[in-house]
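Report on the structure given below.
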Amino acid sequence: MFRDRICAAIDTLGLASSDGEPLDLSRVKTEPPRDADHGDLATNAAMVLAKKVGDNPRALAQRIADAMAADPDVSEATVAGPGFVNLRLADGFWRARLAEIIEAGADYGRAALGAGTKVNVEYVSANPTGPMHVGHCRGAVVGDTLANLLAFVGFEVTKEYYINDAGAQVETLGRSALLRYREALGEDIGAIPEGLYPGDYLKPVGQALAAEHGEALLRMAEGEAVAIATDAAIEAMMAMIRDDLAALNVHHDVFFSERTLHADGARKIRKAINDLTMKGHVYKGTLPPPKGQVPEDWEDREQTLFRSTEVGDDLDRPLVKSDGAYTYFAADVAYFVDKYERGFDEMIFVLGADHGGYVKRMEALARAVSDDRARLTILLCQLVKLFKGGEPVKMSKRSGQFVTLREVVDEVGRDAVRFMMIYRKSSEPLDFDFDKVTEQSKDNPVFYVQYATARCHSAFRQARESISGVEADLSALDLLTHPEEIAVVRKLAQYPKVVEAAANSREPHRIAYYLHDVASEFHAHWNRGTSDDALRFVKVNDRQLTSARLGLVRGVLNVLQSGLGILGVEAPTQMR
RNA sequence: GCACCCGUAGCUCAGCUGGAUAGAGCGCCGCCCUCCGAAGGCGGAGGUCAGAGGUUCGAAUCCUCUCGGGUGCGCCA
């Protein structure tokens, strides 16, 4: 909002561009300089406008600086470097910001960026064939946090989970469950055959089937029995997955079943393909063999293809297999159409890095279906490497040696998992050290930030013990005069901008980094009280001053709670 | 072969969508507790932002190429 004041000041200078056109102020930016010594705010206005106006940047900067100096909230306006105007703002300005922060409470940082925009965030979507493993953690947290963040800035967000409950995979699941059913009836099933799911987690499904159906399934046609077992298994797996997600504090609004697309003679898929065909995106033909290693059994076959190359893809994509069945991608098409028809302006997909090859075809799909109206965002999360005591944890799916999501959450706690999974750009690989994240020290960012909130509460507790009934008091804020106190307020005042930038760039990790910064600022200030008695929060003989400083603490706590809330991480009142 | 992601301090990574002398944590060196929780803080050393061009007042950031690492590449879900 200070930008507006600067633009207004520029207006008063009566500048005119040499070509007679109105001045374009859109490139004028104001932001806090990286180096705090330069002031509170810097603007590039003079450098951006100098050429147009036909003045040299430093001279123009000086005129802008002079105009800004008239603003009562500006304590100093100077010209620096190639033509920056640096502004130092009066302490009163910052105290007013602190008052805003305190008054806004939990709403501080909220925005209306997304007002009227419907966003669908799809994440996790793990196959319902077993418990979730650690690999799913990151996507779950990134998706959930991003959804929270977007909701915080006003988007109408739907959190969605796509259940891959159709196809060969779940039939295998059904067969595996059926085997466990026979086991539950007392049969010796021996080793689980190759190709079926060996995990013990299917035993309860077998037992439930036995309890419900007795020996009835044994007498049925195999297909019928498998179908019943499949249904039961999927239901059980999804219950387990929801439990796992709940342990991570992740809750979806919509669980979308792939089966519904295949239901009714694949009505939805047929309709979707028909839509694409009407728009001229579908043809029958053959694809060239892949360039890398050509499969040994390669042969040209005619298929129904989506002409995705015309909308940005590298290769046309098959919709119908040569045997007449629909491809997985065909279901994706139908699913996307369904989402689009539900009125979402933007679809966000949080996927694992191994889905990189999917990006282009999804973008092509979005363009074709929505005539380029739908916005599509795909976040690819890189791998998480697990460490224990500095040693990498070996995992292999083949040997069944994988760490489940539940194990990780149970061992280190959901807060640690959530914070660490978001404490990195999602496009960057991530190391997760079991020992580090449970450490109670500043080396552990989760602890460090939570400790700051605990310290805030501690300050309140201390204050109330020594001065009965003392509270943060807005009318006392004028007593905050130390530069260090103002510095803390400056940091807090960045929150709305950080939130906005994180939301706009769809980069929730920025919140986590910012919170670490705030905590750092607060810890530093807290420590000043140990060396300088004058800077303590609690001044036993000065109720007014104490309530002013509690105001600062309140502001810090407010921002930390808000940010942690977006991350889905608790803000503890004390550490244990 | 093609496409996407990535290359920043010894290590792990930020860098506010183009700004000033490139930051943080770890590790290393030094300092601060007769209690506001030191479960913390302060300071120091450490960089050719992979390399080369280009765009402009200005590039770690945008464009092109090269080198190096990761991932994925018909009818699998």
Side-chain angles (χ1 to χ4, degrees), chain A residues 27 29 31-35 37-38 42 44 47-48 50-51 56-57 80-84 86 127 129 164 166-170 258 286-295 298-301 303 305 313-329 331 352-360 380 382-383 423-425 427-431 436 439-445 447-448 451 454-455 458-459 461-463 465-466 494 497-498 500-502 504-505 507 509-510 513-514 516-517 520 523-531 533 535-540 574-575:
Chain A
R27 287 174 61 210
K29 284 176 44 175
E31 50 191 7
R34 201 178 324 210
D35 186 344
D37 289 343
H38 292 136
N44 62 350
M47 291 178 292
V48 173
K51 209 173 187 178
N56 86 63
F84 286 99
N86 288 333
N127 289 337
T129 53
N164 292 126
Q169 209 161 230
V170 287
E258 184 188 354
T286 59
L287 286 173
K291 283 282 161 30
Q293 71 269 27
V294 179
W298 171 267
E299 49 183 298
D300 269 350
R301 284 174 187 167
Q303 300 171 272
L305 299 167
D313 203 355
D314 304 317
L315 214 61
D316 288 343
R317 304 292 169 182
L319 295 167
V320 182
K321 304 181 206 172
S322 47
D323 67 1
Y326 291 111
T327 62
Y328 181 82
F329 184 66
D354 54 339
H355 286 69
Y358 248 66
V359 175
K360 286 212 167 185
L380 293 180
Q382 292 293 327
L383 283 180
Y423 196 61
R424 194 112 302 175
K425 203 162 30 180
S427 55
E428 201 71 43
L430 162 64
D431 291 347
K436 195 71 155 272
E439 209 172 282
Q440 307 241 322
S441 81
K442 62 174 176 171
D443 304 348
N444 174 6
F447 172 81
Y448 188 79
Y451 183 38
R455 270 187 160 173
S458 175
R461 285 192 292 269
Q462 298 278 350
E465 268 174 33
S466 39
Q494 291 172 7
K497 268 201 121 169
V498 170
E500 185 182 324
N504 276 334
S505 58
E507 290 183 344
H509 74 278
R510 293 191 192 189
Y513 275 95
Y514 170 76
H516 192 270
D517 275 0
S520 173
H523 286 312
H525 189 57
W526 174 288
N527 254 78
R528 287 184 193 112
T530 60
S531 52
D533 197 59
L535 284 170
R536 296 185 170 224
F537 291 120
V538 181
K539 305 298 291 180
V540 180
Q574 58 183 2
M575 305 306 282

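Everything numeric here is computed off the predicted structure, so don't read it as measured data.
- In this model, the phosphate group of B/rA77 is not approached by any side-chain N or O of A/Y326 to a distance below 4.0 Å at OP1 or OP2.
- Using a 4.0 Å heavy-atom criterion, one finds that A/N56 contacts no nucleic acid atom at all.
- A/Q574 comes within contact range of at least one nucleobase, with a heavy-atom separation under 4.0 Å.
- Remark: B/rC73 base-pairs with B/rG1; criterion is Watson-Crick or G-U wobble with both hydrogen-bond distances under 3.5 Å.
- A/R317 comes within contact range of no nucleotide atom at all, as no heavy-atom separation falls under 4.0 Å.
- The phosphate of B/rG15 (OP1 or OP2) has a side-chain N or O of A/K425 nearer than 4.0 angstrom.
- Looking at heavy-atom distances under 4.0 Å, A/P318 makes contact with sugar-phosphate atoms alone, never a base.
- Figure legend. B/rU17 is base-paired to no nucleotide; pairs are counted as Watson-Crick or G-U wobble with both atom distances under 3.5 Å.
- At the heavy-atom level, A/P445 lies nowhere under 4.0 Å from the strands shown.
- At a threshold of 4.0 angstrom between heavy atoms, the contacts of A/S458 include nucleobase atoms, whether or not backbone atoms are also involved.
- Within the 4.0 angstrom heavy-atom criterion, base atoms lie near A/Q440.
- Both A/A524 and A/M47 sit near RNA chain B, but only A/M47 has its closest nucleotide nearer the 5' end.
- Partner assigned to B/rC62 is B/rG54, using Watson-Crick or G-U wobble distances below 3.5 angstrom.
- The residue A/F447 sits close to a base: some heavy atom pair falls under 4.0 Å.
- A/H509 comes within contact range of the sugar-phosphate backbone alone, with a heavy-atom separation under 4.0 Å but no base atom that close.
- Counting non-hydrogen atoms under 4.0 angstrom, A/A166 reaches the backbone sugars and phosphates but no base.
- Using a 4.0 Å heavy-atom distance criterion, A/G356 is classed as making no nucleic acid contact.
- Residue contacts shown for A/Y358 include a base, since a base heavy atom lies under 4.0 Å away.
- With hydrogens and angles left out, the side chain of A/N86 and the base of B/rA20 share a donor-acceptor pair within 3.5 Å.
- The OH atom of A/Y513 sits 4.0 Å away from atom CZ of A/R424, with the distance rounded to the nearest 0.5 Å.
- Within the 4.0 angstrom heavy-atom criterion, base atoms lie near A/A80.
- B/rG25 is paired with B/rC11 under the Watson-Crick or G-U wobble criterion, all donor-acceptor distances under 3.5 Å.
- A distance of 4.5 Å separates OH in A/Y448 from NE2 in A/H523, rounded to the nearest 0.5 Å.
- Nucleotide B/rA45 has no partner under the Watson-Crick or G-U criteria, as no pair reaches both atom distances under 3.5 Å.
- Among the atoms of the strands shown, only primed sugar atoms or phosphate atoms (P, OP1, OP2) are found under 4.0 Å from some heavy atom of A/R424.
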What nitrogen or oxygen pairs link the protein and nucleotides 25-34 of chain B at under 3.5 Å?
{"unit_1": "B/rC26", "atom_1": "OP1", "unit_2": "A/D443", "atom_2": "OD1", "d": "3.1"}

